[in-house]
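Reminder, nothing fancy here: chain letters follow the sequence lines and each chain counts from 1. Worth knowing before you read on, the calculation uses all heavy atoms, side chains too, and leaves out hydrogens, waters and symmetry mates.
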Protein chains: 2
Amino acid sequence: MHEPDQHIIQGRLADFEKRCRENGLKMTHQRLTIYRELLSSRDHPAVETIFQRVRRHIPTISIDTVYRTLATLEEAGMINRVDTTEGLVRYEADRGIPHHHLICMKCHQIRDFIWDAFDTLPRPPEVDRWGQSVARNVVITGICRQCYEQAEKK
Amino acid sequence: MHEPDQHIIQGRLADFEKRCRENGLKMTHQRLTIYRELLSSRDHPAVETIFQRVRRHIPTISIDTVYRTLATLEEAGMINRVDTTEGLVRYEADRGIPHHHLICMKCHQIRDFIWDAFDTLPRPPEVDRWGQSVARNVVITGICRQCYEQAEKK
DNA sequence: TTCCGTGCAAAGGTTTTGCATCCTT
DNA sequence: AAGGATGCAAAACCTTTGCACGGAA
């Protein structure tokens with residue numbers, strides 16, 4: 001499916017132990033499994049979804065471990081929270097590739113897209129006056145094809 | 001403070017009754033007060049904050065009315081949810097002016113900024129293939145001046 | 001008068017926290 | 001052996017819902 005992805009995923013997984021050490025984190029089965037799960041997810045899952053997926057590998061895991069682990073990995077810069085208007089938190093693994101999000105207002109699915117023309121746009125001076133920017137992302141909101149074709153049928 | 005704002009606010013308030021009628025909504029004291037409060041707020045408040053502010057004018061209002069009203073006004077297109085990674089919902093009144101958001105990762109304050117160069121950028125073809133886009137916004141995340149100056153002192 | 005909108009209360013859903021135990025280091 | 005990480009349970013927090021009453025049209 002995602003050919004170039006496999007390469008990135010392998011690399012990140014290989015570095016996981018090192019990156020844990022750098023951040024003073026113990027390398028536990030739970031952490032590795034949660035991280036691996038998120039690396040191979042492309043749907044920006046909410047915590048509950050991650051919990052369900054990880055549970056297939058570690059049936060005894062508890063949801064608060066998932067919460068704590070996600071917070072830890074986020075602090076270490078290995079995963080990111082995703083902007084939504086939903087009132088719940090979603091995550092994605094950091095793959096080191098700038099990208100942006102298409103969000104369907106109806107089904108709430110989120111898809112990545114690349115936008116070089118945006119990435120190379122110089123930032124407005126007002127931003128520098130405001131503070132130190134760390135990341136900049138575009139969020140495009142709308143109705144995905146699947147949802148509006150379904151709506152037309154009715 | 002915001003000279004051009006006052007003009008917009010007056011205009012939107014004057015149209016409020018009309019826009020309610022158009023959407024089949026009754027014009028109640030609560031709705032008007034919540035809408036007016038949001039129009040004059042520039043901090044993208046969360047529901048609880050809006051509740052506190054409206055309560056100064058209507059002490060008997062209940063928070064579920066605030067939730068319901070915000071949902072109603074959003075459906076009518078008069079206010080918008082704001083993208084965040086916080087796991088709670090924030091709102092802003094729709095002023096009809098395209099703008100973008102600066103979000104401080106530390107204090108979670110959100111500030112608007114204008115970015116014409118972005119607004120006029122043609123969208124990538126992938127977006128059209130995905131579906132019908134309704135809005136596009138930039139979110140720049142970082143540390144605001146106030147927060148990092150405070151951190152340096154220590 | 002007719003319904004929509006509100007307030008109250010309770011429930012539902014999401015996230016955080018305290019503590020004893022387990023497991024990396 | 002030591003201290004961070006986990007699991008369990010409970011609490012805290014945020015949001016939604018059912019119902020009866022009140023108020024706008």
Side-chain angles (χ1 to χ4, degrees), chain A residues 16-38 44-76 78-79 81-91 108, chain B residues 16-38 44-76 78-79 81-91 108:
Chain A
F16 185 71
E17 195 175 341
K18 190 179 76 183
R19 305 181 88 193
C20 280
R21 246 197 315 274
E22 284 170 358
N23 286 280
L25 302 174
K26 289 181 178 168
M27 235 261 298
T28 67
H29 187 205
Q30 287 86 338
R31 277 181 184 159
L32 176 58
T33 307
I34 289 168
Y35 182 59
R36 188 196 292 131
E37 201 57 49
L38 206 48
H44 315 80
V47 181
E48 177 66 26
T49 307
I50 300 169
F51 175 53
Q52 299 299 347
R53 289 178 191 168
V54 170
R55 206 145 65 153
R56 295 196 295 242
H57 303 105
I58 311 176
T60 58
I61 200 169
S62 63
I63 193 156
D64 47 291
T65 295
V66 178
Y67 274 103
R68 275 189 267 233
T69 301
L70 291 169
T72 303
L73 296 179
E74 192 205 354
E75 255 180 290
M78 296 162 78
I79 66 174
R81 287 182 175 221
V82 176
D83 288 308
T84 72
T85 59
E86 287 177 271
L88 54 77
V89 182
R90 290 176 174 272
Y91 287 93
H108 296 118
Chain B
F16 185 71
E17 195 175 342
K18 191 179 75 183
R19 305 181 89 194
C20 280
R21 247 197 315 274
E22 285 170 358
N23 287 279
L25 302 174
K26 288 181 181 169
M27 236 259 298
T28 67
H29 187 203
Q30 288 87 336
R31 277 179 185 161
L32 176 57
T33 307
I34 289 169
Y35 182 59
R36 189 197 292 131
E37 201 58 48
L38 206 48
H44 317 79
V47 180
E48 178 67 25
T49 308
I50 299 168
F51 175 53
Q52 299 299 346
R53 289 178 190 167
V54 170
R55 206 144 65 151
R56 295 197 296 242
H57 303 106
I58 312 176
T60 58
I61 200 170
S62 64
I63 193 157
D64 48 290
T65 296
V66 177
Y67 274 102
R68 275 189 267 232
T69 302
L70 291 169
T72 303
L73 295 180
E74 192 205 352
E75 254 179 291
M78 297 162 78
I79 66 175
R81 289 183 175 218
V82 176
D83 289 308
T84 72
T85 60
E86 287 177 274
L88 54 77
V89 183
R90 289 176 175 272
Y91 287 93
H108 295 118

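Rounded to whole Å, atom P of D:dA25 lies 10 Å from atom CZ of B:Arg31. As a whole-Å value, the separation of B:Lys18 NZ from D:dA25 P is 17 Å. If you take CD of A:Glu86 and C1' of D:dC14, they are 15 Å apart, rounded to a whole angstrom. Summarising the geometry, the separation between CD1 on B:Ile50 and C1' on D:dC14 is reported as 14 Å, rounded to the nearest angstrom. Rounded to whole Å, atom P of D:dA5 lies 15 Å from atom CD1 of A:Ile58. Regarding B:Glu75, its CD atom lies at a distance of 14 Å from the C1' atom of C:dG5, rounded to whole Å. Rounded to whole Å, the distance from CZ on A:Phe51 to P on C:dT15 is 13 Å. If you measure from atom CE of B:Met27 to atom C1' of D:dG22, you get 17 Å, rounded to the nearest angstrom.
A sub-4.0 Å separation between OP1 or OP2 of D:dG7 and a side-chain N or O of A:Thr65 is present. In terms of phosphate contacts, A:Thr28 brings a side-chain nitrogen or oxygen within less than 4.0 Å of OP1 or OP2 of D:dT6. At least one side-chain nitrogen or oxygen of B:Gln30 sits closer than 4.0 Å to the OP1 or OP2 atom of C:dG7. Side-chain N/O atoms of A:Tyr67 include one lying less than 4.0 angstrom from OP1 or OP2 on C:dT15.
When the nucleotides C:dT6, D:dA24, D:dG7 are ranked by their closest atom to the side chain of B:Lys26, D:dA24 comes out on top. The listed nucleotides are D:dA5, C:dC8, C:dG5; the one nearest the side chain of B:Ser62 is C:dC8.
The distance from the NE2 atom of B:His29 to the OG1 atom of B:Thr33 is 3.5 Å, given to the nearest 0.5 Å.
Heavy atoms of B:Arg68 sit under 4.0 angstrom from at least one base atom. Using a 4.0 Å heavy-atom distance criterion, A:Thr60 is classed as a sugar-phosphate-only contact. Residue-level contact check: B:Thr69 touches the backbone only, with heavy atoms under 4.0 Å from sugar-phosphate atoms and none from bases. Residue contacts shown for B:Ile61 are limited to sugar-phosphate atoms, with no base heavy atom under 4.0 Å away.
Residues B:Asp64 and B:Gly87 each lie close to DNA chain C; by heavy-atom proximity, the contact nearer the 5' end of the strand is made by B:Asp64. Comparing B:His29 and B:Arg81 against DNA chain D, the residue whose closest nucleotide sits nearer the 5' end is B:Arg81.
For CD of B:Gln52, the number of neighbouring non-hydrogen atoms (other residues, nucleotides, ligands) closer than 6.0 Å is greater than 12.
Between the side chain of A:Arg90 and the backbone N or O of A:His44 there is at least one donor-acceptor pair closer than 3.5 Å.
Heavy-atom minimum distance, B:Val89 versus A:Thr85: CG2-O, 4.1 Å.
The side-chain heavy atoms of A:Phe16 and A:Arg36, taken from C-beta on, include no pair separated by under 4.5 Å.
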